[in-house]
Amino acid sequence: MVKVWFGLASLSAGLAVALGAFGAHGLKERLALIPEAAGWWQTATSYLLVHAVAIGALRAGLAGWFWAGGAAIFSGTLYALALGAPRWLGAVTPVGGGLLLVGWLALAWRAARPPVPPA
């Protein structure tokens with residue numbers, strides 16, 4: 001399972017770096033067409049990268065799955081909005097943010113549980 005977490009983290013982090021660079025250089029003019037677009041792109045990239053690192057560092061089971069899904073939805077909808085997707089898609093973005101929060105709560109719950117003694 002460790003390979004799954006590192007693979008997911010590596011792909012997510014690589015995607016964040018590539019999309020961040022693409023937004024800064026390849027989409028500079030396009031993102032300027034919508035006043036909020038550059039900010040959306042930056043936020044999407046930051047959240048994707050932060051949660052990729054968390055997934056890889058913590059390999060946190062249920063929390064990791066919430067982070068992966070939440071980052072995909074949160075960042076994905078912000079990227080789409082920045083590229084001109086319909087504004088109603090912004091109503092989906094908080095679902096991703098909610099999943100990210102649930103992931104952090106799941107990690108806190110896991111940390112608060114008493115340790116399982118070795119068999």
Side-chain angles (χ1 to χ4, degrees):
M1 193 60 160
V2 170
K3 284 185 179 185
V4 171
W5 291 120
F6 282 132
L8 182 59
S10 299
L11 290 174
S12 296
L15 185 61
V17 170
L19 288 170
F22 186 55
H25 303 290
L27 294 177
K28 197 175 209 175
E29 291 178 21
R30 177 159 175 101
L31 294 179
L33 298 175
I34 303 170
E36 305 94 341
W40 291 336
W41 199 273
Q42 179 61 40
T43 299
T45 301
S46 297
Y47 276 61
L48 182 58
L49 185 57
V50 164
H51 288 88
V53 171
I55 289 167
L58 300 174
R59 299 178 307 274
L62 185 60
W65 291 116
F66 280 119
W67 292 333
I73 294 168
F74 182 83
S75 295
T77 56
L78 287 179
Y79 287 133
L81 287 167
L83 293 174
R87 291 287 180 133
W88 63 261
L89 191 58
V92 179
T93 306
V95 172
L99 290 173
L100 295 173
L101 290 171
V102 169
W104 289 107
L105 291 173
L107 182 65
W109 175 77
R110 178 180 173 202
R113 290 187 329 204
V116 177

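- Across every non-hydrogen atom of Tyr47 and Ser75, the tightest pair is CB-OG, 4.2 Å.
- Note on Leu101: it does not cluster hydrophobically with Val50, by side-chain heavy-atom contacts below 4.5 Å among ILVMFWY residues.
- Side-chain contact between Leu78 and Thr93 is present, with heavy atoms from C-beta onward closer than 4.5 Å.
- Within the 4.5 Å cutoff, side-chain heavy atoms of His51 are placed close to those of Trp104.
- Applying the under-4.5 Å side-chain rule to Ile, Leu, Val, Met, Phe, Trp and Tyr, the cluster around Leu27 extends to Leu15, Leu19, Phe22, Leu31, Trp41, Leu48, Tyr79, Leu83.
- A search for ring-ring contact (aromatic ring centres under 6.0 Å, His included) contacts involving Trp5 returns Trp65, not counting sequence neighbours.
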Query - Worked verdict on Val95 versus Phe74 for side chain to side chain contact (heavy atoms under 4.5 Å, CB included) - result: CA-CA 7 Å; Val95 172; Phe74 182 83; over 6 Å; no
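- Grouping the Ile, Leu, Val, Met, Phe, Trp and Tyr side chains by contacts below 4.5 angstrom, directly or via other members, places Val2 apart from Leu62.
- The line from CG of Leu11 to CZ of Phe6 is 13.5 Å long, rounded to the nearest 0.5 Å.
- If you take NZ on Lys3 and CZ on Arg59, they are separated by 13.5 Å, rounding to the nearest 0.5 Å.
- Considering CG of Leu107 and CZ of Phe66, their distance stands at 12.5 Å, rounded to 0.5 Å.
- Rounded to the nearest 0.5 angstrom, Trp67 CH2 and Leu100 CG are separated by 9.5 Å.
- Atom CD1 of Ile73 and atom CG of Leu89 lie 10.5 Å apart (nearest 0.5 Å).
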